There are 2 protein chains.
Amino acid sequence: MSSASQTRVRIGVVGLGGATMQLLPSIVADERVVIAGVVDADERARRDFADDFAVPAHESVEALAADPGVDVVYLATPHALHADQAVAALAQGTHVLVEKPLSLTVADCLRVVEASRASGAHVVVGHTHAFDRPVRALRDLLDVGDLGEVAMITSCNYGSFLYRPRRPEELDTRLGGGIVFNQVPHQVDLVRLLGGGLVRSVRSSAFVLDPSRPTEGSHTTFLDFEGGAAASLVYSGYDRFDTDELTGWIDENGAPRRPDHGSASRALRALPSPADEPALKAARGYQRGWTPPIADGHQHPHFGLLLVSCERADVRVGPSGLQVYDIDGMRKVPVEPVAAVPDKTAVLDDLYRAVVLHEPSAHDAAWGAATVEVCEAIVASSRERREITLAHQVPLRRPAVPVPQDPAAQGA
Amino acid sequence: MSSASQTRVRIGVVGLGGATMQLLPSIVADERVVIAGVVDADERARRDFADDFAVPAHESVEALAADPGVDVVYLATPHALHADQAVAALAQGTHVLVEKPLSLTVADCLRVVEASRASGAHVVVGHTHAFDRPVRALRDLLDVGDLGEVAMITSCNYGSFLYRPRRPEELDTRLGGGIVFNQVPHQVDLVRLLGGGLVRSVRSSAFVLDPSRPTEGSHTTFLDFEGGAAASLVYSGYDRFDTDELTGWIDENGAPRRPDHGSASRALRALPSPADEPALKAARGYQRGWTPPIADGHQHPHFGLLLVSCERADVRVGPSGLQVYDIDGMRKVPVEPVAAVPDKTAVLDDLYRAVVLHEPSAHDAAWGAATVEVCEAIVASSRERREITLAHQVPLRRPAVPVPQDPAAQGA
């Protein structure tokens, strides 16, 4: 084996549903990582995946994490399982890539923080839209300092989330259903990345507008940051207005699309029985012979309208890059073309840095816990109609050196 | 005189600056109202205006209000003068149309409320963008009830306000300068109109980002309404990003425009001396021989991105009308073409109703006081970094019958 191949991060996949299908194109396109094993409750999907990738299928997260050919377990499982699965892997010294939210309570998240600290194994919480290349490009631009300190962040996203096919528990807030633990973590993560991480307090109203989907489907939230920045977060998953109207009809994953207001709702209404909905969802998981989508006018993933106002400039973040506005006018700061469809390569940047270079991700377990704390506070603020002050926030950790794209350049 | 002409509302204008220049086209286009007198501190402007309109020039608001040929004084004067001038006119039984804000403190506003109550003369506070035809069309649509209750209101507006030419006091928050008492009242008024009027609490951060313009130039604010609706208000006047980018480059007054990020800032920077700035502002006041602008692709005034999410539909309010999104897709609800440039006719609707039909405006003195209370709370919440609960809110007053457009139809 070459020295480059020796540094490839070997990923064991846990869960072959929608999140994995979103990350898989970036994994297979990236020389720094390789699929090394799989766990899934669905025997058919697990076998198909193991065959297609020529990797071992395991019966449990513990067995996968114990496989000496696996460096990282990627947890793309129901939220309520994340903490126990992460702790189990970390206890064996295996690194963890876990989908947001890290868990459903801060208390559970802190168990993961402690397990990571005790074992020395790393945790990366992602993908969230904080990993989108244009968002990262803005974070880098902010670090240069020319724009001055961040003052206001405005994140507004409308889509069809609540009417995508769901399992019953995904419509129960107590079990991690609804937008607060599924979509809001994207917003919280990206505004924390841009605002420095330390949210001081939260004031929010969240709404349950459809009795047939009895969980929060929209919210409007004010975040006050230590240091004085503030953010407005607005989200609706009710499949009516769509903020893709404001971004040239490029969808959340960067794909060109057409307007289809209400179509997800109508598709659900057309089902013969509500019991058919989980099967629709399952059909979105791994299918034998899968090949990655080909880029065809694709741009980067985004999360709706994102405006950041600094001391000396405003920035609009879009799917193809940044627009920076100041006294001299507007200039575009493009980002590189997509490396996958959708392009979630930045998650693998962080994973590679953590596992190979021993540099913790900004999106480590403590960061993920802080994001969950904001989500919990959104629920509490809305129910109690008062401002909630936070206690578990952590500042943004910045990488010391540029991210290497070419593992061969690292030596071994 | 015909019976129709006898019902024309006779308006005495006080102040020939920017606000009057914005309302004048609607006044001269509207058969229900007529200019009947003028007061201005600038003798040249006052004489020119009196000559052009063949109306008497008066030395004071009191003298204008005492003129038996004047039904209403229109106060387009510096904010700090509004309350005393309104009280003086009301004491003589003369109705008052007053630009926002009604005054700079709730206490001063309540003096106007009391004077109006004691005299029986009406107060209309406007123009604000709550009078924009598309906003009123949405209010009417909400009253029909098909959309359900309002949940979230999102108002986001970026423009060049802070770099338009200013007098020194307009850059001092204590004297009513900055965005909080000049631009934020637009947002507060329109979200209160759509949210029902009763704001329960305010959480805000406001920002002073340019030391050379030492007053608030941007804010992000959360409003909780009695009844459970909530609003996000974001505004920046720093002449960088411009939300007209989101509305097809139709400007705040409905005029087609081109992008010119930073041009207002650059124009100020190019002045030989800061002392030249007030003269630039004065040049925007009344000029002899004025004629109203001709409509040429003009749409209705607007205040940036405005989204309203109800129980069963979302609505985007734009300069040409409404877009309503629900399970059946998107439908456009156009409003009538503009009647003036800019079209502020709805202010005159309310004035006519109050003076001729004795129906108080929704935007009466108590309403204006409640809007100022929200603005005061924005300053307090930002400085004290806490949620502020309100005490002077009033509910929206709804008209009982449609607004008459043709005074002849009223009889006399």
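The chains referred to below are lettered A, B, ... by the order of the sequence lines, with proteins before strands, and numbering in each begins at 1. All values reported here derive from a predicted model rather than from experimental measurement. Computation of the quantities below employed the complete heavy-atom set of this structure, encompassing side-chain atoms and omitting hydrogens, waters and symmetry-equivalent molecules.
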Q) Salt bridge check: are A:D328 and B:R266 linked by an N-O gap of less than 4.0 Å? A) no
Q | Short N-O contact, B:R203 and A:D224, less than 4.0 angstrom | A | yes
**Q.** is_close_aromatic(B:F241, A:Y325), centroid dist under 6.0 Å
**A.** yes
Under 4.5 Å from a heavy atom of chain A, the part of [X] involved:
X      : answer
B:S201 : side chain
B:L305 : side chain
B:R316 : side chain

Q: Return the minimal non-hydrogen interatomic distance between B:S205 and A:F222, and the atom names on each side.
A: OG-CZ, 3.5 Å
Q: Determine the minimum heavy-atom distance between A:S236 and B:D314, stating which atoms define it.
A: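 Looking at all heavy atoms of both residues, the shortest contact is OG-OD2, 4.5 Å.
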Q. Which of residues 377-389 of chain B get closer than 4.5 angstrom to chain A, counting heavy atoms alone?
A.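 If one takes a 4.5 Å heavy-atom cut-off, the residues of residues 377-389 of chain B near chain A are B:R385, B:R386, B:E387.
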Q: Under 4.5 Å, heavy atom to heavy atom: which of residues 147-159 of chain B reach chain A? Give them by number, or say none.
A: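 Residues B:A151, B:M152, B:T154, B:C156, B:Y158 are the ones that qualify, each having a heavy atom under 4.5 Å from chain A.
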Among the options [options], pick out the one with the most heavy-atom pairs lying under 4.5 Å from chain B.
options                        : value
A:V208, A:D326, A:T220, A:D210 : A:T220
A:T221, A:V234, A:V315         : A:V234
A:S204, A:G217, A:A264         : A:S204
A:A313, A:A231, A:P259         : A:A313
A:Q323, A:M330, A:H261, A:E311 : A:H261

Q: Report the residues that fulfil side chain to side chain contact (heavy atoms under 4.5 Å, CB included) with B:D146, sequence neighbours left out, ordered by chain and then residue number.
A: B:V144
Q.
If we define contacts as heavy-atom pairs under 4.5 Å, which of B:V324, B:D239, B:L307 has the most with chain A?
A. B:L307
Q: For the pair A:R240 (side chain) and B:C310 (backbone), establish whether a donor and an acceptor sit closer than 3.5 Å, ignoring hydrogens and angles.
A: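 A pair under 3.5 Å: yes.
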Q) Nearest 0.5 Å, what's the CG-OG1 distance between B:L246 and A:T243? A)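 Answer for the CG-OG1 pair, B:L246 versus A:T243, is 11.0 Å.
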Q: Identify, with sequence neighbours excluded, every residue that meets ring pair (Phe, Tyr, Trp, His ring centres under 6.0 Å) alongside A:F181.
A: none
